[in-house]
Structure formats: C-alpha cells, structure tokens
Protein chains: 2
Amino acid sequence: MQTKEKGRYHHGDLQTTLLRSARVLLEQDGIAALKLRAITRHAGVSATAAAPYFGNLAGLLSVLAAQGFDELTEAMSPPHAPLARDVGLAYIRFAIANPGLFTLMFRSDAINRTDAHLVAASERAFGRLAALPGPEKSGTTQAATMAARWGKAHGLAVLAIDGLLQPLTDNGDTCMTLDQLVSEAFR
Amino acid sequence: MQTKEKGRYHHGDLQTTLLRSARVLLEQDGIAALKLRAITRHAGVSATAAAPYFGNLAGLLSVLAAQGFDELTEAMSPPHAPLARDVGLAYIRFAIANPGLFTLMFRSDAINRTDAHLVAASERAFGRLAALPGPEKSGTTQAATMAARWGKAHGLAVLAIDGLLQPLTDNGDTCMTLDQLVSEAFR
DNA sequence: CCGCTGACTTTACACTGTAAAAATTACTTG
DNA sequence: CAAGTAATTTTTACAGTGTAAAGTCAGCGG
C-alpha cells in the first residue's frame, strides 16, 4: 500500500508521492475518496504531512487538477495538422478515459481556481480549443463559434461521465458504443 | 431567520420547511452551504430532525434536485409551438438563473441517483429535449442529434455557471452579454 | 560533541453526518 | 374528560473530517 520506503523519516519527495497517492485514489474510488487523511494514509505518512507542501486539501487538489489540464493539453495536441473536430473529440475522449480527474478539474468548490499554476495550465488547455479555425458560419462571432464547439465537447464529456448518454446508445433497433455516439454527435 | 412558528413542538410540515431552508442556503451561499446542520439550524430545529423524513443528507438533496428537474421541465415547456432552439436556450437560461440548483441536479455523489422520484423527474425533463424534431441532418442517427443538442446546451450551461465563458464575452473589440453569447453559440 | 535547520509527527479542536435512546406533544379510544 | 398510544422532535453519542500549533526526529555544519 505505502509507496514510501519503510523506515525513513525524511521521505525525500513526499510532494510527488502524495500527488500519486491522490491520483490512485481518485481513479480507484472517484472524487469521494479524495480525503486528506486517506491520501496521507495511502502514502504512508501522518495525516497532516501534506500541509507544509500544499497548504490545505484544496491546494493539493489544485496541483492535481493542473496536472490534469496539462495531460488534457497533451491529449489535444495532434501529431499532424489539427482539425477542430479531432481536438474536440480528443477533449471528450480524455474526459471519458479519466472521469475522476476531469470532474475534479471543473469542481470549483474543491480546488483553488485562483492558483497561478492551475490558471496557467487551464488556459493552455483552453487555448488549444480556441486557436482553431471554425467552420466560418456567416453571421456568427468567432467567440460564439468557439463557445459552441467548447460547449458541445464539454457537455458531451460531462453527460458521458455521468452515464446519462447510456440510454441513447441502445436507442431504437441498433446498438452503438459510447464512442460512436459522441463521435457522431460532435461535428 | 427561523421559518418555524415559535413554541410549537410539532412543526406541521417540517418536510417542506427543511426543503425551503436548503433552497435558501443553496441560493445564498452555493452548494458548499448544503450541510445538514446548517439546514436544520436555518429551519430552527435540531440537527437530526431531517432523518425521519429524508433518511440522510443525500435523501434531502435528492428531493431538492427532483424539484429542480420539475422546474426545469416547466421552464422548457413553451406556451406555443416549441422549437428545438428555444427549448435548448430555456435549458441554458434555467441553469444560469439557478446555478446552485442546476449544479446540484448533476452532482451524482451528493444526491441519490436511484431515487424513484428523482429518476422520474429527470426523465421528464430529458424527455422535453428528446421529443423535439431535429434539423434532419442526413447520415446522423436521431440519438446522435439528440446527444448533440443536449450536449451543446448542457456544456454551455455548465461553462457559463463556472464563469469560463466570461473571457469570451468581451473578446476582440465589441463587448457582448453572456445571454447574447450563448444564444448565438446555441444554434 | 553541540546546536541548528528542515521534515515530519503528535496533539488538539471545531466541525461534519448519523444511529439510538429519551423526551415531548398530539391523537385516539374508552 | 382521562389515559394510553402513536407520532414527532430532541438529546446524546460516536466515528469521521480538515487544519492549526506544538513537539520530535534525522542529518549537517561548526
């Protein structure tokens, strides 16, 4: 269970160990498992060991969320020519692949939205979506097309994570997978 | 502060009083204020008075969420001929007008998603979005157009509540309001 | 060897939700 | 009207939670 080397009083890099423990718990049991005591217990340290590094629980989760935004940015960086559709689909697929992390990234009451690193990481990720050429609909602001694309991707991501798109996958006669549904819906 | 008539031991309809207190706290201070003790204190009763009626906190919040879905259904019921665009905009505007309630309605870890009343109320609301004729895009499943419309509306709603669309409203040279942005983005 | 600095732990406290028992009121039945 | 019963709320208690303050330990420079 404990990732800390046994017997050592000074841990070395407790910072990253705590973040990894939090990540493990998040992926295992979801956001509800992100208690400070559970994280430190998993890391093999005392309950208040995170305070010197992260201040409080929100501080730790903010760093975790910032890591999530960095990974999202990475996932939205296509190797070749990026199409708006591919980037949006990458957004949705990242959310489905990392439901707990993605949910945390938008839980304003669990993280510290004013944290500098988090703001930078999130703006980097949002920039990937914004910097793409839209379909050039006449009569629509560029901000509106950006909001439309982002909103569609984000909504499909959230609804998919919550399992609310499940009834739509086996609608009618044919049965489709979740990825097929969101791929077809996002265009 | 207390809505309970003073001196009476038996309250009469503590059920609705607790729900109203929860609603007030939710709109005043957001989801973080939905503690059981704060709700009962606001209602003027003891801390455990809600248990006989709602079982636990999740039970109370589930009823509150169900009320929210009923109000959303009402808001999405246009007086005359309903267009898909109008219903989706009503969805977004309800979320912006009731940010705390809307957020609660989709917090799966705070409410009891298997609650019968909540399931019924949410399906009633979701049915309003589904029962509309789509733009008849050739080559797309009806489930996909439904998911696309719902996802777009839901995503814009969530992003607007989180304040993430704010930077897009004053983009470039002109300055637009949030309602203008979502109205233009949702079509 | 001594003290010092940093890293972590121990202790303590104010909260939280909730289960069980007690107390209070209202109703109902004779 | 009186008394027993049922319904409703409170009191008490307990296991958790996050976090601030004080204490403890390891390693290092003098």
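Keep in mind that what you see is a predicted model, and the values were worked out from it rather than measured. Naming: A, B, ... by sequence-line order, numbering from 1 per chain.
- Here the C1' atom of nucleotide C:dT25 and the CG atom of B:Leu14 are 14 Å apart, to the nearest Å.
- Side-chain nitrogen and oxygen atoms of A:Asn56 include at least one within less than 4.0 Å of the OP1 or OP2 phosphate oxygen of D:dT19.
- Here B:Ala49 lies in heavy-atom contact (under 4.0 Å) with a base.
- Using cut-offs of 30° and 60° on the angle between ring planes, the pair A:His154 and A:Phe102 is tilted.
- Counting to the nearest Å, the C1' atom of C:dG17 and the CG atom of B:Asp109 are 15 Å from each other.
- Rounding to whole angstrom units, NZ of residue B:Lys35 and P of D:dG16 are separated by 19 Å.
- Between the CZ atom of A:Phe54 and the C1' atom of C:dA7 there is a distance of 14 Å, rounded to whole Å.
- Contact between the side-chain N/O atoms of B:Arg41 and the OP1/OP2 oxygens of C:dC15 is not found at any separation under 4.0 Å.
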Verdict with reasoning, A:Leu18 to A:Val45, per side chain to side chain contact (heavy atoms under 4.5 Å, CB included)
CA-CA 9 Å; A:Leu18 286 171; A:Val45 294; 4.2 Å; yes

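- In the set D:dG18, C:dC8, D:dT11, the nucleotide with an atom closest to the side chain of A:Arg37 is D:dG18.
- Distance A:Asp13 CG to C:dC8 P: 9 Å, rounded to the nearest Å.
- One interatomic measurement links the two molecules: CD1 of B:Ile39 to P of C:dT18, which rounds to 11 Å at whole-angstrom precision.
- Using a 4.5 Å heavy-atom threshold, the side chains of B:Thr145 and B:Gln142 count as touching.
- Under 3.5 Å, the side chain of A:Thr48 and the base of C:dT10 form at least one donor-acceptor pair of N or O atoms.
- The closest side-chain heavy-atom distance from B:Phe94 to B:Glu71 is below 4.5 Å.
- Closest contact between the side chain of B:Pro52 and the listed nucleotides D:dT19, D:dT10, D:dT9 involves D:dT9.
- The number of heavy atoms from other shown groups lying within 6.0 Å of CD (A:Glu74) does not exceed 12.
- Taking 4.0 angstrom as the limit, B:Tyr53 places a side-chain polar atom (N or O) nearer than this to OP1 or OP2 of D:dT9.
- The distance between atom CG of B:Leu18 and atom P of C:dG17, rounded to the nearest whole Å, is 13 Å.
- Mapping A:Ala38 and B:Ala47 onto DNA chain D via the closest heavy atom, the residue that lands nearer the 5' end is B:Ala47.
- In this entry the distance linking CD1 of B:Ile111 with P of C:dG17 reads 17 Å, nearest Å.
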